[in-house]
There are 2 protein chains.
Amino acid sequence: MPRTVRCPVANALDLVGDKWTLLIVRDLLRGNTRFSQLRMTVEGIPPAVLADRLRLLEDAGVVVRRQYSEHPPRSEYLLTGKGHGLGVVVGALATWSEKYAESDLTLVDHECGHGLNVVYHCPTCERRAPRSRVRMVGR
Amino acid sequence: MPRTVRCPVANALDLVGDKWTLLIVRDLLRGNTRFSQLRMTVEGIPPAVLADRLRLLEDAGVVVRRQYSEHPPRSEYLLTGKGHGLGVVVGALATWSEKYAESDLTLVDHECGHGLNVVYHCPTCERRAPRSRVRMVGR
DNA sequence: GAGGGTTGGTTCAGATTTTGAACTTACTGT
DNA sequence: ACAGTAAGTTCAAAATCTGAACCAACCCTC
């Protein structure tokens with residue numbers, strides 16, 4: 001199979017480019033791990049869609065299914081490291097949405113209580129990178 | 001109309017929760033402003049979908065349509081401030097995708113040349129907020 | 001031990017959306 | 001006059017989503 005060079009954004013959107021997947025991730029981040037909890041907290045998701053997305057997320061290594069009862073079979077879904085990494089994406093969406101649409105929810109730092117943004121950061125130089133300096137390059 | 005309190009993430013996904021919209025934003029960020037350019041660079045997008053999404057983005061105030069020729073009617077699409085704000089979401093997706101899937105593209109700081117992450121930042125304290133301290137709260 | 005509730009799903013038909021291909025209109029350039 | 005380009009529109013077929021109902025296996029209470 002000739003592996004085509006694909007934009008990482010397009011790759012990511014193959015998995016999370018739909019209405020529901022990131023809402024599921026949001027609630028898994030909140031600690032809702034069971035089917036029934038997700039069904040209640042992910043606003044109006046049809047159970048068939050929830051089951052399908054959890055399967056896709058499991059295939060992608062974003063969640064792991066852990067069976068906490070064998071009879072009857074009962075599973076819960078836990079985010080992997082890869083899954084927790086999506087938290088920043090969810091955070092970025094929340095930050096953007098709050099800034100440009102009125103909303104009753106904010107992301108805050110639990111310690112200082114202040115509102116948060118999501119920004120670019122260079123781990124090597126240990127400083128922020130303003131958007132104007134960001135480029136997407138081949139390597 | 002009874003305005004229900006909605007999660008900002010869900011609000012954002014109403015607009016950008018699909019396969020194409022963030023790819024269009026990505027290319028507008030790159031400076032591709034015309035229909036024909038987007039059609040070529042947004043990998044295989046059907047023109048009907050492109051036209052539809054540009055309409056939705058315009059309605060949402062993410063892009064403005066500027067007519068650069070009246071006869072024949074020719075428009076280009078420019079990101080507003082709100083639209084540029086979505087850059088961080090695109091960046092977060094790219095960063096995540098690179099970290100957890102192999103890819104040939106990276107986000108770098110144009111100045112120092114180093115790879116970038118997307119992180120939480122408290123503008124009041126001027127410091128980063130680790131993911132563990134981030135909470136979503138009502139205000 | 002009968003009935004009711006919970007959990008983690010599946011099934012299915014109908015509605016909606018997406019897709020790909022072709023087509024259109026109004027120019028421009030040769 | 002002819003080919004080409006730009007910015008879309010149109011349409012039928014295919015894929016996907018939605019909502020509602022259903023199910024099996026438990027647990028609890030009476």
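Residue numbering restarts at 1 for every chain, and letters A, B, ... go by the order of the sequence lines. All of these numbers come straight from a predicted model, not from anything done at the bench.
Distances shorter than 4.0 Å separate some side-chain N or O of A:Ser36 from OP1 or OP2 on C:dG8. Distances shorter than 4.0 Å separate none of the side-chain N or O atoms of A:Ser75 from OP1 or OP2 on C:dG8. The phosphate of D:dT18 has OP1 or OP2 within less than 4.0 Å of a side-chain N or O from A:Trp20. For D:dA7, one of the phosphate oxygens OP1 or OP2 lies less than 4.0 angstrom from a side-chain nitrogen or oxygen of B:Tyr68. Between B:Arg53 and the phosphate of D:dG8, there is no side-chain N or O to OP1/OP2 separation shorter than 4.0 Å.
Checked by distance alone, B:Arg74 brings a side-chain donor or acceptor within 3.5 Å of a matching partner on the base of D:dA6.
One interatomic measurement links the two molecules: CZ of B:Arg39 to C1' of C:dT19, which rounds to 13 Å at whole-angstrom precision. In this structure, A:Ile24 atom CD1 and D:dC17 atom P are separated by 11 Å, rounded to whole Å. The separation between A:Leu54 atom CG and C:dT10 atom C1' is 14 Å, rounded to whole Å. One can place CD1 of A:Ile45 at 13 Å from C1' of D:dG19, the figure rounded to the nearest angstrom. Following rounding to the nearest Å, B:Asp18 (CG) and C:dT19 (C1') show an atom-to-atom distance of 14 Å. Atom P of nucleotide C:dT7 and atom CD of A:Gln37 are separated by 9 Å, given to the nearest angstrom. One interatomic measurement links the two molecules: CG of A:Asp52 to P of D:dA15, which rounds to 16 Å at whole-angstrom precision. Atoms NZ (A:Lys19) and P (D:dC17) sit 10 Å apart, rounded to a whole Å.
Comparing A:Ala48 and A:Glu76 by the nucleotide of DNA chain C that holds the closest heavy atom to each, the one mapping nearer the 5' end is A:Glu76.
Within 4.0 Å of B:Ser69, counting heavy atoms only, lies no atom of the nucleic acid at all.
With D:dA7, C:dA22, D:dG19 as the choices, the nucleotide that has an atom nearest any side-chain atom of B:Phe35 turns out to be D:dA7. Of the candidate nucleotides D:dT18, C:dG20, D:dG8, D:dG8 has the atom nearest to the side chain of B:Ala51.
With 3.5 Å as the limit, one finds no donor-acceptor pair spanning the side chains of B:Asn11 and A:Ser97. No side-chain donor from either of B:Asn117 and B:Thr95 sits under 3.5 Å from a side-chain acceptor of the other. The closest side-chain donor-acceptor pair between A:Tyr68 and A:Arg74, if any, does not fall under 3.5 angstrom.
If you run salt bridge (charged side-chain N to carboxylate O under 4.0 Å, His left out) between B:Glu58 and each of B:Arg65, B:Lys82, B:Arg66, only B:Arg65 comes through.
Panel note: side chain B:Thr80, backbone B:Gly61; a donor-acceptor pair is recorded below 3.5 Å.
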